[in-house]
Amino acid sequence: MHYDSPRFRHAGGAGSPGWGGIIGGLDFVRFFAMQEKYLPTEIERAAQERWASNQRFRASDTSDRPRYYCLSMFPYPSGKLHMGHVRNYTIGDVLARYHAMRGYNVMQPMGWDAFGLPAENAAIANGVPPAAWTYSNIDHMRTQLKALGLAIDWSRELATCKPDYYRWEQWLFTRLFEKGVIYKKMATVNWDPVDQTVLANEQVIDGRGWRSGALIEKREIPMYFFRITQYADELLTGLDTLPGWPERVKTMQANWIGKSTGVRLAFKVPQKDPAQPDELLWVFTTRADTLMGVTFVAVAAEHPLATRAAANNPALAAFIAECKQGSVAEADMATMEKKGMDTGLTVIHPLTGEAVPVWVGNYVLMSYGEGAVMAVPAHDERDFGFAKKYRLPIKQVIAVEGEAFSTDAWAEWYGDKQRGVCVNSGKYDGLNYTQAVDAIAADLEALGLGEKKTQFRLRDWGISRQRYWGCPIPIVHCDSCGDVPVPAEQLPVVLPEDVVPDGSGNPLNKRADFVNCACPKCGQPARRETDTMDTFVESSWYYARYACPDANQMLDERANDWLPVDQYIGGIEHAILHLLYARFFHKLMRDEGLVTSDEPFKNLLTQGMVIADTYYREDASGKKTWFNPADVETRDGVPVLKADGQPVIHGGTEKMSKSKNNGVDPQALIDQYGADTARLFTMFAAPPEQSLEWSDAGVEGANRFLRKLWKAVFDHVQGGAVPAYAGGELGEAAKTLRRQLHQTIQKVSDDVERRRQFNTAIAANMELMNALAKLEGADAATRSVRQETLEAVCAMLAPIVPHICEALFAELKPGAALVWPTVDEAALVQDEIELMIQVNGKLRGQLRVPAAADRAAIESLALASEAVQKHTGGNPPKKVVVVPGRLVNIVA
RNA sequence: GCCCAGGUGGCGGAAUCGGUAGACGCAGCGGAUUCAAAAUCCGCCGCCGCAAGGUGUGGGGGUUCGAGUCCCCCCCUGGGCACCA
């Protein structure tokens, strides 16, 4: 190959043309001596070297061209790229390159979400420090990303585990701590009593620790919290300002925030000593209209009333201890068997004055709401089941006309707010939901025992992690001054990188050089906080840092120049947590004067999951070992490990992840077929938003198409240079092909720009190429149409398969810029169109009519047609439906 | 359990606003080329049926001249559920 052939010219001299190379048109000279055979490895290496040496993808901070900030969610450096990454980053690259072809100043950065649990797990398994493991993974994955030929501005690369990144996060933490946006309170965690460590929810399997197998306990520990609930309303209403977000994501976020209006009310707790003031047990309910149907109250195991009752009740104490077993995950809490025990205590109903028994329920959580709930078994399905199980009374207080209530079984209408009317409720009888809630709330308020209240399901964001590999929380604990934030001039609090965790607690606690420090306030010896931050904190602001990665402050004015992100692309699994935290953080930064916009991401594309089969084996202790699908084969319908031929268990089809070891490495695909084939196949397999069950069947077809494209251009170029069709008489075949070409440009533009559906854009180009292959003739006019078509196909596919398209385009039109093709409206005009004929909605024939034919003409032509005569027996139609351009339906 | 998606040939998928179901590709089958194979090219390809035709978009019901698309109920798969990221 002649990479330095005489035809090769460097664009724009020694400067840094950036994406401007495309606009300037200087970059697209032949950089590759064309051969008949398609040689992806050579072409891709040559193209990538050119892009790197020209700094083609450098985004300009000063250009006056319109900007387009295209961001894909940064990866966790788990070791190798998997197909989910390839899909995500190719989608982003297609949009970035498309906009560059449209003349935008594009920024597409990349970085590393580098803190996190897998690095500690790897350390435990292999004895390698998380830092070294992470940096080596980053190096490998960067190489893999570069091999994909992504149009990334690598000068903006960042890694969240580097002090020059996380120092600003610590700086903001101290500001927010002083402002009261961050505060400390107790929170419940999974405690492994054997390993003496806090476990993540994913490390608790069936209520046991993943390594020790020990029964997990719930433990209360102090934690720092972001007051996200203070922004709940804005996070909710802000969704309405995001038309570029998928509806499903906005729905999920709105449901997660869960704004509800209800009534907060109190039951009096009787005092032994009447001189004591009344103690109140508060609950929140959205169904105050059913207050007269309350037959018991349930409190959390940690509730003070429960603790008090258990003091002289060993059975209750034992039950409370049982409730404290198991994980804190909501999915576990919601699916476990509902259990309870009577405390023997009663409280006083605020309106009736009746005594209501207090139960401890394992499904009530202390940290959510008031830690207590009122139970109305007749009108809440969960309470109904609980009451049946423990033979508690069920009192109907809502009736629906025409429906009969029975305590034997639950019926949907028992919980119906719309149709229900109060009964057995004294003065409230006959009131509907709204009227009853209003009346009861007013009465409670008059008694000082309640008021209407808006409540959110959203809880404050606890960010303390009892782990080593994370951003240190910049707090110093001083015996005399309390929790003291580290002053700005002492930041960053640097995490030592030579640590190897062993799975028992946070190793930072054993590092005297880290822990021991002087109190920034009084100078006395003090202890540094050893908890680190939730890694969601780093991923909540990285998008802003890309705009000014070298700033000697958290963000500078360049952040506002680039933000909000024009297009964010990432997995649908991030629909709630990451995207909600990032939106929240953006508002925190706004309120600190760091950014001016209200929302970080203008448009969002949520990529569907790439899923693959999971396989595992279980040892005697129940510990699972996961095997990669690449190492498993099926023999006689049974999955077995290739290495030993012994069976493995199929664990379902799930998103590719490190923990389930079902990530498929794209490297083999790239090595065998090249990056363009990998990119084309990934985009062709399914539309971006749809989940994709991985299979590489069909990769051959993608590669075959690129070889055909290469051959078509090669054959055409052999015939000598010819300008693209610019006007003049054409034969019927060439004219038809030109019409298809411009229909394709129209369709593909819409697919990429509006629909973001690249599989159909590719299919349309394949169809066009199939049609082109059938176009015969070597006359100048036909060749000019062929030239026009090949130029357009290379341009339309360039965002998807950039290496081959640039190489081919440089052969077709040396020195010219790759720009997006435009539709020639004149080429679209048709004289005749084909209509379908239906009789009673069934397809019975076709009809060719002049494009200008009116309804009456179409109707009479259709009625006269053989198909209609045959199926109606010549009888006059009852009705004729004419859909212009589509069909005629005769109703006989 | 709760919230959000999805279910179309042997397979991945298309059908954009209620109007030709199965584009495009894979696999398969038949043919050409070849000493042979690979590659390439041409043709066929939902199911039942010799055909005419019938039937068909997870299942059941409904609206409509007409439903993969809209409405109701059910089943299955995937994502999320606050310490995987």
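Letters A, B, ... mirror the listed sequences (proteins, then strands); counts begin at 1.
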Check every strand shown and say whether [X] touches a base, only sugar-phosphate, or nothing at a heavy-atom separation below 4.0 Å.
{"X": "A/Lys338", "answer": "nothing"}
{"X": "A/Glu330", "answer": "base"}
{"X": "A/Ala685", "answer": "sugar-phosphate"}
{"X": "A/Glu654", "answer": "sugar-phosphate"}
{"X": "A/Ser657", "answer": "nothing"}
{"X": "A/Gln757", "answer": "sugar-phosphate"}
{"X": "A/Gly258", "answer": "nothing"}

Taking the six-membered ring for Trp and the full ring for Phe, Tyr or His, determine whether the centres of A/Tyr165 and A/Trp541 are under 6.0 Å apart.
yes
Ring-ring centroid check A/Tyr363 A/Phe386, cutoff 6.0 Å
yes
Tell me, with the steps shown, if A/Glu337 and A/Lys389 meet salt bridge (charged side-chain N to carboxylate O under 4.0 Å, His left out).
CA-CA 11 Å; A/Glu337 190 190 354; A/Lys389 179 171 177 180; 2.6 Å; yes
With respect to the side chain of [X], which nucleotide from [options] is positioned closest?
{"X": "A/Asp751", "options": "B/C84, B/U16, B/C3", "result": "B/U16"}
{"X": "A/Ala329", "options": "B/A82, B/C84, B/C4", "result": "B/A82"}
{"X": "A/Leu117", "options": "B/A82, B/C84, B/G79", "result": "B/C84"}
{"X": "A/Arg754", "options": "B/A85, B/U16, B/C24", "result": "B/U16"}
{"X": "A/Leu843", "options": "B/G79, B/U20, B/A14", "result": "B/U20"}
{"X": "A/Leu458", "options": "B/A52, B/G80, B/A82", "result": "B/A82"}
{"X": "A/Thr760", "options": "B/G19, B/A15, B/A82", "result": "B/A15"}
{"X": "A/Val881", "options": "B/G19, B/G80, B/A15", "result": "B/G19"}
{"X": "A/Arg704", "options": "B/A23, B/A27, B/G1", "result": "B/A27"}
{"X": "A/Pro687", "options": "B/C4, B/C24, B/A14", "result": "B/A14"}

Could you tell me whether [X] and [Y] have a side-chain N and a carboxylate O separated by less than 4.0 Å?
{"X": "A/Asp750", "Y": "A/Lys747", "answer": "no"}
{"X": "A/Arg465", "Y": "A/Asp531", "answer": "no"}
{"X": "A/Glu217", "Y": "A/Arg208", "answer": "no"}

Does the structure show a Watson-Crick or G-U wobble partner for [N], both distances under 3.5 Å? Name it, or say none.
{"N": "B/G56", "answer": "none"}
{"N": "B/A38", "answer": "none"}
{"N": "B/G78", "answer": "B/C4"}

Say whether, by atom type as modelled, one donor and one acceptor occur between the side chain of [X] and the main chain of [Y] under 3.5 angstrom.
{"X": "A/Glu832", "Y": "A/Val849", "result": "no"}
{"X": "A/Gln690", "Y": "A/Pro687", "result": "no"}
{"X": "A/Asp751", "Y": "A/Arg756", "result": "no"}

Counting only side-chain nitrogens and oxygens, does [X] get under 4.0 Å of the OP1 or OP2 atom of [N]?
{"X": "A/Arg457", "N": "B/C3", "result": "no"}
{"X": "A/Lys708", "N": "B/C24", "result": "no"}
{"X": "A/Asn770", "N": "B/G25", "result": "yes"}
{"X": "A/Asn201", "N": "B/A82", "result": "yes"}
{"X": "A/Arg707", "N": "B/U40", "result": "yes"}
{"X": "A/Gln743", "N": "B/A23", "result": "no"}
{"X": "A/Lys655", "N": "B/G80", "result": "yes"}
{"X": "A/Lys842", "N": "B/U55", "result": "yes"}
{"X": "A/Gln690", "N": "B/G6", "result": "no"}
{"X": "A/Arg756", "N": "B/U16", "result": "no"}
{"X": "A/Thr535", "N": "B/A85", "result": "yes"}

When only distance counts, do a donor and an acceptor, one from the side chain of [X] and one from the base of [N], lie under 3.5 Å apart?
{"X": "A/Arg248", "N": "B/A5", "value": "no"}
{"X": "A/Lys747", "N": "B/U16", "value": "yes"}
{"X": "A/Arg886", "N": "B/U20", "value": "no"}
{"X": "A/Asn889", "N": "B/C65", "value": "yes"}

Length of the line joining [X]:[atom1] and [N]:[atom2], which is rounded to integer Å:
{"X": "A/Trp626", "N": "B/C84", "atom1": "CH2", "atom2": "P", "result": "16 Å"}
{"X": "A/Glu202", "N": "B/C81", "atom1": "CD", "atom2": "P", "result": "10 Å"}
{"X": "A/Met766", "N": "B/A23", "atom1": "CE", "atom2": "C1'", "result": "12 Å"}
{"X": "A/Lys878", "N": "B/C65", "atom1": "NZ", "atom2": "P", "result": "12 Å"}
{"X": "A/Arg844", "N": "B/A52", "atom1": "CZ", "atom2": "P", "result": "13 Å"}
{"X": "A/Ile890", "N": "B/G19", "atom1": "CD1", "atom2": "C1'", "result": "14 Å"}

Nearest-angstrom distance, C1' atom, B/G80 to B/C73:
26 Å
How would you label the glycosidic angle of B/G9: syn (within 90° of 0) or anti?
syn
By the rule that syn is within 90° of 0, classify the base conformation of B/C17 as syn or anti.
syn
